[in-house]
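Report on the structure given below.
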Amino acid sequence: MIAAVISLGGIGLAAAVALGVAAKKFAVEVDPREAAILEVLSGANCGACGLPGCSAYAKAVVEEGVPANLCSPGGQATIEAIAAIMGVAAEAMVPQVAVVRCQGDNRKAKNKFHYLGLQDCNAAQRIADGPKACPGGCLGLGGCERVCPFGAIEMTADGIAVISRDKCTGCKKCVAACPRNVIAMTPRTATVHVLCNSHDKGAVVRKYCEVGCIGCQICKKTAPGAYLIEDFLARVVYEEEQDAAPGIEKCPTKCIRDFALGYPEGSSFKAAESRPEPEHAA
């Protein structure tokens, strides 16, 4: 019995010594700046920086000179902390928020067929390009809501995704999750957006959506510098967004929205940014 105990103890001791030697011999030295950067990152592992997680970003900053201003969830404080660690100037990041470019919910937009499959946008899109008649419309099954690590997305009762400007950190996870490219990143300073993603001609859009852009150009005629029409779809010129308000009032399908005045119908989010009331065009 004693011999067995001594034998096992000896084996254990030998194994421990071997592991210790191996750990020391094969240890990979880590630049202390990498660990310091990892400490100040948000830890969201959201991929907004374009790299697979916070560890990869910290390593890339130290070893490859990747810019210090790519962590959008961390904001300016994180940028300044990383810049201080690296001994470089803190260059400001242009804050962005995600916007769902659609408000065609189950009451306002038509479906091609009744979908009874897995309640997932990517799964639904694989069935005849999705049940929504609009080829660019939100499928309303909540794939983006489930991947958002910040609780910034809600699904309305009528099946449309809405993103909170207060909660969105610009991590882009929802953009990657959407199979129809309905979600776009936009400057945080811009609150006026065209909530449509269809490039069909107006006559076609009218057949499947009450609130889609019909490419009529009235917004552009009303506020020429603030809008562009590309492939039958209007979009806001964000550099001139301050002049976009008259186009909202004139839009015949009400597909242009100022989020500073409220969110799409059915959303529980409240407008958080103050903005002067739009001037009504004569």
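Note that the coordinates shown come from a computational prediction; the quantities given were computed from them, not determined experimentally. Numbering of residues begins at 1 and proceeds along the displayed sequence.
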Would you find more than 12 non-hydrogen atoms of other residues, nucleotides or ligands less than 6.0 Å from [X] atom [atom1]?
| X | atom1 | answer |
| --- | --- | --- |
| Lys112 | NZ | yes |
| Glu39 | CD | no |
| Lys201 | NZ | no |
| Glu230 | CD | yes |

Stepwise side-chain contact (heavy atoms from CB on, under 4.5 Å) check, Val237 with Glu240
CA-CA 6 Å; Val237 178; Glu240 305 294 335; 4.1 Å; yes
Starting at CD of Gln125, measure out to CG of Asn122 and round the result to the nearest 0.5 Å.
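Between atom CD of Gln125 and atom CG of Asn122 there are 8.0 Å.
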Rounded to the nearest 0.5 Å, what separation is found between the CZ atom of Arg188 and the CD atom of Gln96?
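Arg188 CZ to Gln96 CD: 10.0 Å, rounded to 0.5 Å.
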With a 4.5 Å cut-off on side-chain heavy atoms, are [Y] and [X] touching?
| X | Y | answer |
| --- | --- | --- |
| Tyr227 | Arg235 | no |
| Pro179 | Leu139 | yes |
| Leu41 | Cys71 | yes |
| Ile218 | Pro252 | yes |
| Ser42 | Thr78 | no |
| Cys174 | Ile163 | yes |
| Arg146 | Asp120 | yes |
| Ser164 | Ile153 | no |

Give the intermediate values and the outcome of side-chain contact (heavy atoms from CB on, under 4.5 Å) for residues Phe150 and Cys168.
CA-CA 7 Å; Phe150 305 102; Cys168 178; over 6 Å; no
For the backbone of [Y] and the side chain of [X], can you confirm whether one donor and one acceptor N or O come within less than 3.5 Å of each other?
| X | Y | value |
| --- | --- | --- |
| Tyr57 | Leu70 | yes |
| Glu154 | Ser268 | yes |
| Arg101 | Val182 | yes |
| Asn111 | Ala133 | no |
| Lys220 | Ala226 | no |
| Lys59 | Val30 | no |
| Arg180 | Gly137 | yes |
| Arg257 | Val192 | no |
| His199 | Phe232 | no |
| Thr186 | Val97 | yes |

Decide yes or no on side-chain contact (heavy atoms from CB on, under 4.5 Å) for Tyr263 and Arg165, but give the supporting numbers first.
CA-CA 10 Å; Tyr263 283 81; Arg165 296 175 58 82; 3.4 Å; yes
Is there a side-chain contact (heavy atoms from CB on, under 4.5 Å) between Val236 and Cys219 once you walk through the steps?
CA-CA 9 Å; Val236 176; Cys219 57; over 6 Å; no
Taking all heavy atoms of Leu118 and all of Leu141, pick out the closest pair and write down the distance.
O-CD1, 4.4 Å
Taking all non-hydrogen atoms of both residues into account, name the closest pair between Thr222 and Pro246 and its distance.
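That would be CG2-CB, 3.5 Å.
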Candidate pair Lys108 and Asp158, rule salt bridge (Lys or Arg N to Asp or Glu O under 4.0 Å), full reasoning
CA-CA 9 Å; Lys108 303 184 184 75; Asp158 290 311; over 6 Å; no
When Cys178 is tested against each of Val147, Val100, Ile183 for side-chain contact (heavy atoms from CB on, under 4.5 Å), which residue passes?
Ile183
In this structure, which one of Cys138, Cys209, Ser267, Pro264 forms a side-chain contact (heavy atoms from CB on, under 4.5 Å) with Gln103?
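In the set Cys138, Cys209, Ser267, Pro264, the residue that makes a side-chain contact (heavy atoms from CB on, under 4.5 Å) with Gln103 is Pro264.
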